[in-house]
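One structure is given below, encoded as structure tokens.
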Amino acid sequence: MSETPDGSTTADFEEHRTSSSPGSRRERVTGLAAVAVIAAFFIFCITESVSAGVGRLSGPGSGFWPLVVAVAGLLCSIAVFLMPSARFRSAGGGSLSSLLLGCLSLAAFPFVYYYLGLPLTSFILSMILLKVIGREGWVLSGIVSAALAGGTYWVFVVLLRVPM
Amino acid sequence: MEVINGLTEGFSTALTPANLLYVTLGVLIGTVVGLLPGLGSTATIALLLPLTYHLEPASAIIMLAGIYYGGMYGGRIPSILLRLPGDSSAVITTLDGYPLAKQGRAGAALTITAIGSFVGGTIAIVLMTLLAPGLARFAGRIGPPEIFLLALIGLFLIAFMGSGSRWKALLMGAFGLILATIGIDAVSATPRVTFGFPELDAGINIVALAVGLFGIGEVLNSMYERHAVSLENSRIGRLWPTRDDVRRSIGAIIRASGIGFIIGVLPGGGGAVSSIVAYGAEKNFSKNPEKFGKGAIDGLAATETADNASSNAAFIPLLTLGIPPNPVIALIFGALLLQNITPGPQLVNSHPEVFWGVIASMYIGNLLLVLFNIPLIGVFVQLLRVRQTILNAIIIVVALIGVFSSQNRLFDVGVAVVFGIVGFVLKRMDFELGPLILGFILGPILEVQFRRAMLMSGGSFDLFLTRPFSLSLLIVFAGAGVAMWLFAKRSRATAVIER
């Protein structure tokens, strides 16, 4: 994303062009929600900092620096919240189902790895990414997944001797 | 004499068969990963960080340095052929690189940038060799207030010199700083924001954070957008530039080397800033400024030369002051911390094999880059034809396993996944992730140095004003801030008048 000559961002121009469409309103609401989550995290950090003990300037406590940063972060969050460019850019024709499936696969990886180990888990994950999400053919998916599982095993376990 | 002795030791470290192999691998892997569209230098380093975890410190940093400038080199290939910059520093490359490719002169464009990058990198490394030891000695005399201010200025400059919204960049910097506070406080042993997870007592694993934000986040974005890049009919054409190309580029390369070096040393400098300044300077200097933006080979040479010169110069503040000047170097800083090495003024004495070994390896790596990149351009270009779905699978699997291998904890994999989702959301909202990672790395430095400064001064901020160097830093920072504000105001006024 680049700045235009007048200093505004391309995101600002997109806002100007499409501000009235339902999709645009959804983008804006999603964006504001995300900023609100960040702001809430900073507020949480402020409370944690105060309970950890702020101390004095001559002897800052463990909560002093996090408090300073969290307050600064909260102020920046408020500034961003008020900006028109605080929006989640949706991709025209974007695939939410692919994204969700990808996230679920990633979230499941540690649990599957715990029971099945490295090569099998890598193979399964790769097959999901290629065949299910990427909609590649079975043969290509199988070959690439097998190569990937074998290759990562060789690099990490055999070459780098990482205990897996 | 110190420099000669140091370089001798450095080359004796860098020229071992193992380290030669690592620098070669680093350069090759960095070039290959760097040319993949969407993965910039930061993502490249982040993804490959786990690989270096199991190496000796000098070898790890030698390989990472090779990956770093290899990634910079590789990033120019999709910029020129596809108009797809891998990161912000490659955006300027597209201005003249892509028009040259459309004219069937992609080969000449790629070669002249390789040569320019080599010259710029070499000049920067030579200057670094001469200046770094003296700078490390000077840095040993500065105290907590100065280090605090240098780190803070670096973070602010990254935010203000970025291409996006400054408030968003500052927010990301603050977010990185607050993430860095997670864990047990080193002074009071009080747990801070650990959510009850003992795995977070030592803080968030930098590898998990970086891989999640830059690697997994990018892949999730790719899955969501379902974008595909097409090599179209871009012909490489004749590889070697004409005599006229070389004649027009020589001056640009020399000038851009100096510009890139100076900017690369500064906190917040390097990358896009050096490319933009060098391009602008060359356009002012050129007898044919109207050709810029339409395939001016001197403009392209200046851009890439400055980029590589600044990439190499950026190691100076890392090795001598212990302050990473940009997000990529921040990750290398993180890699050194993983090796239990703290970069800073004491590095040249405590770990001379790392200090001089890295400098010596940069001579070798810079040479390897031009040796590989010119004859293998055709091979590298074919990699651009690999389908995005296959690349996504490779990146995800390597990323997750790499994160696990760093500390053998599945918890870190979970952290990487969480930050992958966070990185995806932030990217869709046009937040720059560079300030976040820089804030995360600089956070502990800022906190420790601030605490020390307050202890020294008894809680008074006068310390920052009464010490000459810290006062100078404040004046320079204030001046730079005013200059940037005036420049931005003038740009807006000019644009309004033109409309």
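Remember, it's a predicted structure, so these values are computed and weren't measured experimentally. Numbers restart at 1 for each chain; the letters A, B, ... are given by sequence-line order, proteins then strands. These values consider heavy atoms only, across backbone and side chains, with no hydrogens, waters or symmetry-generated copies.
For the set A:G73, A:P66, A:P60, A:A79, the entry with the most heavy-atom pairs within less than 4.5 Å of chain B is A:P66. In terms of heavy-atom pairs under 4.5 Å with chain A, the best-connected choice from B:V397, B:V422, B:V413, B:L426 is B:V397. Comparing A:F42, A:Y114, A:F64 by heavy-atom pairs within less than 4.5 Å of chain B, the highest count is held by A:F42. Ranked by non-hydrogen atom pairs under 4.5 Å with chain A, the options B:L171, B:D185, B:L446 are led by B:L171. Looking only at heavy-atom pairs under 4.5 Å with chain A, the residue among B:V418, B:I396, B:N392 that has the most is B:I396.
Separating the CG atom in B:L391 from the CG atom in A:L129 is a distance of 12.0 Å, to the nearest 0.5 Å. The CD1 atom of A:I38 sits 5.0 Å away from the CZ atom of B:F431 when rounded to the nearest 0.5 Å. Here the OG1 atom belonging to B:T389 is positioned 11.5 Å from the CZ atom belonging to A:R135, to the nearest 0.5 angstrom. Once rounded to the nearest 0.5 Å, the distance linking OH of B:Y224 with SG of A:C103 reads 12.0 Å.
In this structure, A:Y115 has no side-chain contact (heavy atoms from CB on, under 4.5 Å) partners at least two apart in sequence or on a different chain. Residues that satisfy the ring-ring contact (aromatic ring centres under 6.0 Å, His included) test with B:F404, not counting sequence neighbours, are A:Y113.
Of all heavy-atom pairs between B:L170 and A:C76, the closest is CB-SG, 3.9 Å. Between A:S122 and B:I401 the shortest heavy-atom distance is OG-CD1, 3.3 Å. Residues A:V69 and B:A174 approach most closely at CG1-O, 3.5 Å, considering heavy atoms.
Residue B:Q407 places its CD atom among more than 12 non-hydrogen atoms of other residues, nucleotides or ligands, all under 6.0 Å distant. Applying the 6.0 Å contact sphere to CZ of A:F41 captures more than 12 heavy atoms from other residues, nucleotides or ligands.
Interface residue B:V193: backbone and side-chain heavy atoms are both found under 4.5 Å from chain A. Heavy-atom distances place both the backbone and the side chain of B:F175 under 4.5 Å from chain A. Heavy atoms closer than 4.5 Å to chain B are found nowhere in A:L100, neither backbone nor side chain. Neither the backbone nor the side chain of A:I128 comes within less than 4.5 Å of any heavy atom of chain B. Contacts of A:L130 with chain B are made by side-chain atoms alone, with heavy-atom separations under 4.5 Å and no backbone atom involved. The contact between A:L140 and chain B is made entirely by side chain atoms (from C-beta outward), counting heavy-atom distances below 4.5 Å. Interface remark: B:F461 contributes side-chain atoms only to the contact with chain A (heavy atom separation under 4.5 Å). The part of B:S188 that comes within reach of chain A is its side chain, from C-beta onward, which places non-hydrogen atoms under 4.5 angstrom from that chain. With a 4.5 Å cut-off on non-hydrogen atoms, A:V155 touches chain B through its side chain but not through its backbone.
No side-chain heavy atom of A:F111 sits less than 4.5 Å from a side-chain heavy atom of B:L410. Side chains of B:L220 and A:L106 form a contact here, defined as non-hydrogen atoms less than 4.5 Å apart. At a threshold of 4.5 Å between non-hydrogen side-chain atoms, the residues B:L400 and A:L125 count as touching. Side-chain contact between A:V80 and B:M429: absent, with no pair of heavy atoms (C-beta onward) separated by less than 4.5 Å.
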A:L99 and B:F424: CA distance, side-chain angles, deciding distance, side chain to side chain contact (heavy atoms under 4.5 Å, CB included) verdict: CA-CA 10 Å; A:L99 176 67; B:F424 163 74; 3.4 Å; yes

From CA spacing to verdict: side chain to side chain contact (heavy atoms under 4.5 Å, CB included), B:F195, A:F44: CA-CA 11 Å; B:F195 301 103; A:F44 172 73; 3.6 Å; yes

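Without hydrogens or angle criteria, B:R428 side chain to A:R89 main chain gives a donor-acceptor distance under 3.5 Å. Side-chain N or O atoms of B:R192 include none that pairs as donor or acceptor with a backbone N or O of A:C45 at under 3.5 Å.
Legend: side-chain hydrogen bond (donor to acceptor under 3.5 Å, both in side chains) pairs involving residues 60-80 of chain A, not counting sequence neighbours: none detected.
Contacts with chain B (heavy atom to heavy atom, under 4.5 Å) involve these residues of residues 48-58 of chain A, listed by number: A:E48, A:A52, A:L57, A:S58.
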